[in-house]
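What follows is a short report on a single structure.
Every number for a ligand or one of its atoms is a count from 1 in the order of the listing. FYI, side chains are in, hydrogens and waters are out, and symmetry mates aren't considered; it's all heavy atoms of this structure.
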Amino acid sequence: MARVILGVSAGIAAYKSASLLRLLREAGHRVRVIPTADALRFVGEPTWAALSGEPVATDVWTAVDEVAHVRLGQSADLVIVAPATADLLARAAAGMSGDLLTATLLTARCPVVLAPAMHTEMWEHPATTANVALLRQRGALVIDPASGRLTGADTGPGRLPEPEELFAVVQALLARLMPAAASLAGRRVVISAGGTREELDPVRFLGNWSTGKQGYALARSAALRGAEVTVVAANVELPDPAGARVVRVVSARDMHAAMLAEAGIADAVVMTAAVADFRPVARSDSKIKKDGSQPDPIVLTENPDILHDLAGRRARGGRQGQVVVGFAAETDPDPQAAQAKLARKGCDLLVVNPVGNGRGFGSADNEAIVYSREGSQTPIPRGSKEALAEVVWDLVAARLQ
Ligand code: CTP
């Protein structure tokens with residue numbers, strides 16, 4: 001996770017930056033948006049605040065006690081301005097600092113990426129050419145605009161590159177900058193996600209509320225860190241995570257078979273799935289009907305414990321150095337019980353997160369304490385599921401080294 005500042009100046013392409021912001025957030029980065037005052041004519045403050053989850057200001061007179069005009073630039077890992085207008089480039093080149101964005105550009109010591117977008121005439125004007133040359137000479141990465149349709153009927157160089165392109169540039173820079181970003185390069189990881197379903201008859205099942213969001217966040221984040229990722233997904237209705245192979249299963253026994261098969265050569269295995277501990281002894285081939293008498297009780301039998309079996313196989317001489325991680329959603333988390341569960345399962349790390357009362361399942365946020373086999377505890381404060389995924393991978397990467 002990096003701290004990224006997304007500067008937005010007053011060009012119509014500002015709307016594309018909303019997509020860039022989403023991509024950055026989905027990758028787990030903390031993004032602070034700093035629009036210029038006129039940029040808000042194109043995309044309003046509520047959009048930036050809602051998509052970033054951070055306050056938005058354009059001038060240096062907001063939150064003066066926090067000295068935002070200095071602190072934001074100082075603490076950023078990367079600044080990207082998209083779109084950067086001719087006016088913004090001119091002010092940045094001249095070292096002006098009249099608003100929060102230009103002040104931040106002066107205080108930032110991290111890489112600065114500028115993505116100009118403007119009409120071809122403005123881009124080709126000698127003043128803009130000179131400003132861009134000066135900014136490049138001072139170390140900024142100025143991305144040449146794409147050619148194509150501009151506002152109105154014009155075409156030519158001046159278009160803001162697509163959000164996915166800008167996102168790729170940011171990710172590549174961060175990977176170089178922050179070794180954590182490439183900490184799983186060449187590793188194979190297998191992640192279970194979602195919730196298993198145990199069939200009663202062709203139309204009914206015993207299931208749980210797990211949506212797969214945390215598992216998918218782990219998958220995306222591992223892929224961005226360079227890992228080869230397989231997700232064993234039980235009944236997940238989310239789009240496939242970028243960069244991961246998805247194996248679909250339904251029941252706990254399906255998942256048991258798939259996980260043991262996939263985990264054989266994995267460097268790390270993470271069980272985020274909510275696995276049914278029990279399944280009905282019998283599955284009716286036809287729909288169970290009510291016939292006026294008392295319903296039959298549902299007789300259950302125990303499912304295999306997948307995490308236990310994965311850790312057991314590793315202990316019996318499975319893949320050397322494999323890291324096995326469990327998750328435990330608890331309504332009443334308790335450190336002693338957590339450590340006992342970790343020992344019972346035989347895993348290296350157990351991520352214990354509170355659920356119930358709107359926490360956990362289905363929500364965008366999560367919080368947890370990660371217990372280790374050696375007895376350490378790493379608290380992860382309330383934040384996005386992507387942010388939690390980053391901490392888990394940091395701990396896994398440290399064990400793999
Ligand atoms: N798990 C598993 N197979 C099962 C049950 C759970 O692999 N049959 C995994 C989960 O994916 C999770 C971890 O074990 O990573 C802990 O799940 P949890 O339901 O908390 O464990 P249980 O052993 O079922 O403990 P409890 O009695 O508290 O439900």
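Side-chain atoms of His29 and Gln171 include a donor-acceptor pair closer than 3.5 Å.
In this structure, atom 19 (O) of ligand 1 has no protein heavy-atom contact shorter than 4.0 Å. Within the 4.0 Å cut-off (strictly below), no protein heavy atom is located near atom 27 (O) of ligand 1.
Atoms of ligand 1 found under 4.0 Å from any heavy atom of Leu307 (numbered from 1 in listed order, with element): 2 (C), 7 (O), 9 (C), 13 (C), 14 (O), 15 (O). Within the listing of ligand 1, atoms 10 (C), 11 (O) sit less than 4.0 angstrom from a heavy atom of Ala273. Atoms of ligand 1 lying under 4.0 Å from at least one heavy atom of Gly326, given by number and element, are 15 (O). Interface of Ala328 with ligand 1, defined as ligand atoms under 4.0 Å from a residue heavy atom, comprises 20 (O).
Environment of CZ in Arg30: sparse, with no more than 12 heavy atoms of neighbouring residues, nucleotides or ligands closer than 6.0 Å. No more than 12 heavy atoms of other residues, nucleotides or ligands shown are found within 6.0 angstrom of CZ on Arg41.
For the residue pair Thr120 and Thr155, the shortest heavy atom distance occurs at OG1-O, 4.1 Å.
Scanning all protein heavy atoms for the shortest distance to atom 14 (O) of ligand 1 gives Lys345 NZ, 3.1 Å. Residue, atom and distance of the protein heavy atom nearest to atom 13 (C) of ligand 1 are Phe327 O, 3.1 Å. For atom 8 (N) of ligand 1, the closest non-hydrogen atom on the protein side is Pro304 O, 3.0 Å. Closest to atom 3 (N) of ligand 1 among all protein heavy atoms lies Ile306 N, 3.0 Å. Among protein heavy atoms, the minimum distance from atom 5 (C) of ligand 1 is reached at Asp277 OD1, 3.2 Å.
In this structure, Arg373 pairs ionically with Asp348, as a charged nitrogen and a carboxylate oxygen lie closer than 4.0 Å.
Only the side chain of Lys341 comes within 4.0 Å of ligand 1, counting heavy atoms alone; its backbone N, CA, C and O stay farther away.
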Show the atom names and distances, to 0.1 Å, of all donor-acceptor pairs under 3.5 Å that link a side chain in residues 265-274 to residues at least two apart or in another chain.
residue	atom	partner	partner atom	Å
Asp267	OD1	Arg319	NH2	3.0
Asp267	OD2	Arg188	N	2.8
Thr272	OG1	Ser192	O	2.4

Using the salt bridge (charged side-chain N to carboxylate O under 4.0 Å, His left out) rule, take Asp99 and Arg91 through it: C-alpha gap first, then chi angles, then the decisive distance, then the call.
CA-CA 10 Å; Asp99 60 9; Arg91 289 190 293 132; 3.3 Å; yes

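The main-chain N or O of Leu88 is never found under 3.5 Å from a side-chain atom of Ser9 such that the two would form a donor-acceptor pair.
Considering only non-hydrogen atoms, atom 15 (O) of ligand 1 lies nearest to Met271 out of Met271, Arg253, Glu302.
Contacts of Glu374 classified as side chain to side chain donor-acceptor pair (under 3.5 Å), with partners at least two apart in sequence or in another chain: Ser372, Arg399.
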